[in-house]
2 protein chains.
Amino acid sequence: MEKLPPGTLCVVCEDEATGKHYSIPSCNGCKTFFRRAIVNNRTFACMGHGNCPVNKGVRCACRHCRLKKCLEVGMDKNAIQNDRDRIGYTKRTKRPRPSSDEMAGHTNGEGFSDPPQPSPGSSVGSPPSGPMLVPLAAPDPLLERLTDLENKFTLLFSRSIIEPYASIDDALAAPSRFCRPIDIQMSDPVAVPRPCDDQRKMPFWRSRIITLFIDWAKTFPIFQNLPYTDKIALIMNHASSYLIMCEAFRTPEHITDKIMHPDGHFFSRNPTPDSLFSKSLSGLTPVMGAMIDYVLRPFRQLKVTVTELAALQAIMFFDPDTEGLDSASQRNVSAEQKRVLVSLYRQLSIRYDPSETAERYASLLLRVPTIRKVAAKNNESYQILDMFKLFTINPLVRETALGVRLTRHIP
Amino acid sequence: MEKLPPGTLCVVCEDEATGKHYSIPSCNGCKTFFRRAIVNNRTFACMGHGNCPVNKGVRCACRHCRLKKCLEVGMDKNAIQNDRDRIGYTKRTKRPRPSSDEMAGHTNGEGFSDPPQPSPGSSVGSPPSGPMLVPLAAPDPLLERLTDLENKFTLLFSRSIIEPYASIDDALAAPSRFCRPIDIQMSDPVAVPRPCDDQRKMPFWRSRIITLFIDWAKTFPIFQNLPYTDKIALIMNHASSYLIMCEAFRTPEHITDKIMHPDGHFFSRNPTPDSLFSKSLSGLTPVMGAMIDYVLRPFRQLKVTVTELAALQAIMFFDPDTEGLDSASQRNVSAEQKRVLVSLYRQLSIRYDPSETAERYASLLLRVPTIRKVAAKNNESYQILDMFKLFTINPLVRETALGVRLTRHIP
DNA sequence: ACCTGACGGTCAAAGGTCCA
DNA sequence: ATGGACCTTTGACCGTCAGG
């Protein structure tokens, strides 16, 4: 048996793996979930299209897709021992040794009691006075927050009813959807009302992304304290990149040659029979190719995690070289970017050994220029499409991608 | 976890607690009330004075005060999880639709077929290649070579007579000037013959840079072994960035608001008296501003060294995301890039302590996207200038910046 | 005998359901 | 429409077992 390097991630959901289970490095949750599903011969129905994302934050959202992924990554049904001896006694009934002391009922009489373990996230009372084993992987609060936002994004994006903003001004004025802790409006996963017309699906999903992007941005205190024009500058600077990263990252994992939206609508590099009907979008085909080759594929190859993606989005968003930033804002933005960079590096360094850490760090950071390039391409295509008015672009997407402000609003 | 002593009361309403919920011993009612209030982001108004009593008997009387008390006694919002999958009806009442929700037998979804495919990236047991202790301060041969090239570049650039190549094909066919050990023709620092006409100075210097850039590229064995089309792809991809970095880095140190060539010819952000005479170049003014703000200034601020610049040029040149690279070349290019990255990181780590190392590493790598952006801008301006034929661009610069091949030459 | 990795079982605490 | 009794699911933790 090999020892699993500490910090290995669960292949199913990217939580920390507790070991190999059913032949796959996995976390306790996925291990137990898999066993129960198989033992009880459960079958689940996906309310979406069988391509829900599965990661630590949303792994409970769709059992069908979670089980499917367990199998896809190779969890071995045969490793489940159906006919194991009944264990019988457990801690309560146990008689480990005849010593019979026990007090089975309540152990808390003495030093055995442990301080009630605080739920994750809550502030802690007393640090266990004792020897205090390794504070393993002290979770970085900043990255945790970013990851949490990313998971909420996933839920909101694919399962919530969203009224896209009509303009950047509106978007900045409204409260962020991320601040209400969870606001899933009980819609079924992909009962999200959406256009049936294939030609309108992309604008539909893209305007959702941009809308959520702005809501995401508004959760950062640093962002909120920026002057109005600087807010707009940051939004404009990163919108297209955010969009592209989001679409690439959220394309279901087994898809490697298409960009796919949550409802199964997709773009592939080569015009499909579908797109032959909608010539109007064919202008985007080369951009899709670039997204696949230079964004989606590298993400897959690197096995970018949710946390890494979350950090990268923030690093790119807080870009001190954003055009038009005033110099005070530039310093603030730069400081925020640096904070995320430091957190990311630390996070990597607890999961990898030193040389691997630096390598992965560089690999992630070097995605930035390429993503920006593809984003610029995307904007260009939009401009061309816009010029010829080949199809109606959602006003918000238009503003952010084309850099054209439609409305003016002095805050 | 402790067992709650039987008879414990709900801290909110003094009903019997059913356990700890959201870190507080509480009853079922308060537990559910709290979750729903948070999840739906409810806010309630108190009809009284915000001090209504809350206990078993009257707990429903004022939701505002009930929620307030929940928070006061420490119920933990963070313990609320993301949306879960629907469970299905437990009692057979009300069936929304006879959908095949739970049916055993076979799953509805597609890809559930179960070839237990081995996990794609088992990511295990790769023996960490040699621990390889840091040969402290051992000069890195790769970086040394790069630095050496950079120094030679400086000499050649400012003090040598250079016949610019007429086309990329010619450039690739010729031997590299860097390979002749020393070929400085001992001209005085700026005795280099150059146009007196101010309007022709920039093209003059730029064509020198591009010429030397290609000679620089040809010194890399990896580059030489690339197929012809891939060589061109790399050159085209990086030419403009190389040019910009070169001009910014080589502007004398005391100059911080201009881009200056070795003969003193310069561009500043604001049209100077000089440039008033040469309207034809004014199209480049905004690009110059960007070069100053986003390339020159950051270089100064970081105090980028020659070695760091040299490494950065190589890292950017060996860009695996260069468009049009064939996949074998891509691997080779990527490997070379990685080598430089590793060397650079090592170099930094002997000069700085660990956290500073990572910080500087990131600062350097994050110059890449910005430089690329300015380079793209530069190319755009050239295209516009070219379109209006405002001035004659040197054919080589034209080819590399505009992506227009003038000649064809099958090697 | 003593680790250790990977099984199965347990139960506090989370979420979902549905009647009054 | 909403509260809350009652149910299911989750996953951290622990005992057990086989192989070293």
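Reminder, nothing fancy here: chain letters follow the sequence lines and each chain counts from 1. The basis for the numbers below is simple: all heavy atoms, side chains too, and nothing from hydrogens, waters or symmetry mates. The model shown is predicted, which means the values in this text are computed figures rather than measured ones.
For B:Met75 and C:dA14, the CE to C1' distance is 13 Å, given to the nearest whole Å. Residue A:Glu16 contributes atom CD, which lies 12 Å from atom P of D:dC13 at whole-angstrom precision. Straight-line distance from the CD1 atom of B:Ile24 to the C1' atom of C:dA14: 16 Å, rounded to whole Å. To the nearest angstrom, C1' of C:dA6 lies 16 Å from CG of A:Asn78. Rounded to an integer number of Å, the gap from A:Arg63 CZ to C:dA14 C1' is 14 Å. Rounded to an integer number of Å, the gap from A:Lys20 NZ to D:dA18 P is 20 Å. Between B:Asp85 atom CG and D:dG11 atom P there is a gap of 12 Å when expressed in whole angstrom units. In this entry the distance linking CD1 of B:Ile38 with P of C:dA14 reads 13 Å, nearest Å.
Nearest nucleotide to the side chain of A:Ile80, out of C:dA13, C:dG8, C:dC7: C:dG8. Checking D:dG3, C:dA14, D:dG11 against every side-chain atom of B:Gln81, the shortest atom distance belongs to C:dA14.
Using a 4.0 Å cutoff on non-hydrogen atoms, the parts of residues 28-37 of chain B near DNA chain C are B:Lys31, B:Arg35, ordered by number.
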Please evaluate residues A:Arg300 and A:Thr256 with respect to the criterion side-chain hydrogen bond (donor to acceptor under 3.5 Å, both in side chains), reporting the C-alpha separation (whole Å), side-chain torsions for both, the decisive distance (0.1 Å), and the verdict. CA-CA 8 Å; A:Arg300 294 278 197 278; A:Thr256 58; over 6 Å; no
Verdict with reasoning, A:Thr307 to A:Thr147, per side-chain hydrogen bond (donor to acceptor under 3.5 Å, both in side chains): CA-CA 5 Å; A:Thr307 300; A:Thr147 306; 3.0 Å; yes
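Classified by interplanar angle (parallel below 30°, tilted 30° to 60°, perpendicular above 60°), the ring pair B:Phe34/B:Tyr22 is tilted. Using the six-membered ring where Trp is involved, A:Phe220 and A:Trp216 have ring planes that are perpendicular, over 60° apart on the 30 and 60° scheme.
Pairing of C:dA6, defined by two Watson-Crick or G-U wobble distances under 3.5 Å, is identified with D:dT16.
Taking the charged nitrogens against the carboxylate oxygens, A:Lys218 and A:Asp215 do have a contact shorter than 4.0 Å, which makes a salt bridge. With salt bridges taken as basic N to acidic carboxylate O contacts below 4.0 Å, none links A:Arg59 and A:Glu14. Salt bridge A:Lys56/A:Glu150: absent, no basic N to carboxylate O contact under 4.0 Å.
Within the structure, a side-chain polar atom (N or O) of A:Tyr22 is placed less than 4.0 Å from OP1 or OP2 of C:dG8. Regarding contacts with the backbone of D:dG4, a side-chain N or O of B:Arg66 is found under 4.0 angstrom from either OP1 or OP2. Distances shorter than 4.0 Å separate some side-chain N or O of A:Arg42 from OP1 or OP2 on D:dT9.
Looking at heavy-atom distances under 4.0 Å, A:Cys27 makes no contact with the nucleic acid at all.
Comparing B:Asp15 and B:Arg84 against DNA chain D, the residue whose closest nucleotide sits nearer the 5' end is B:Asp15.
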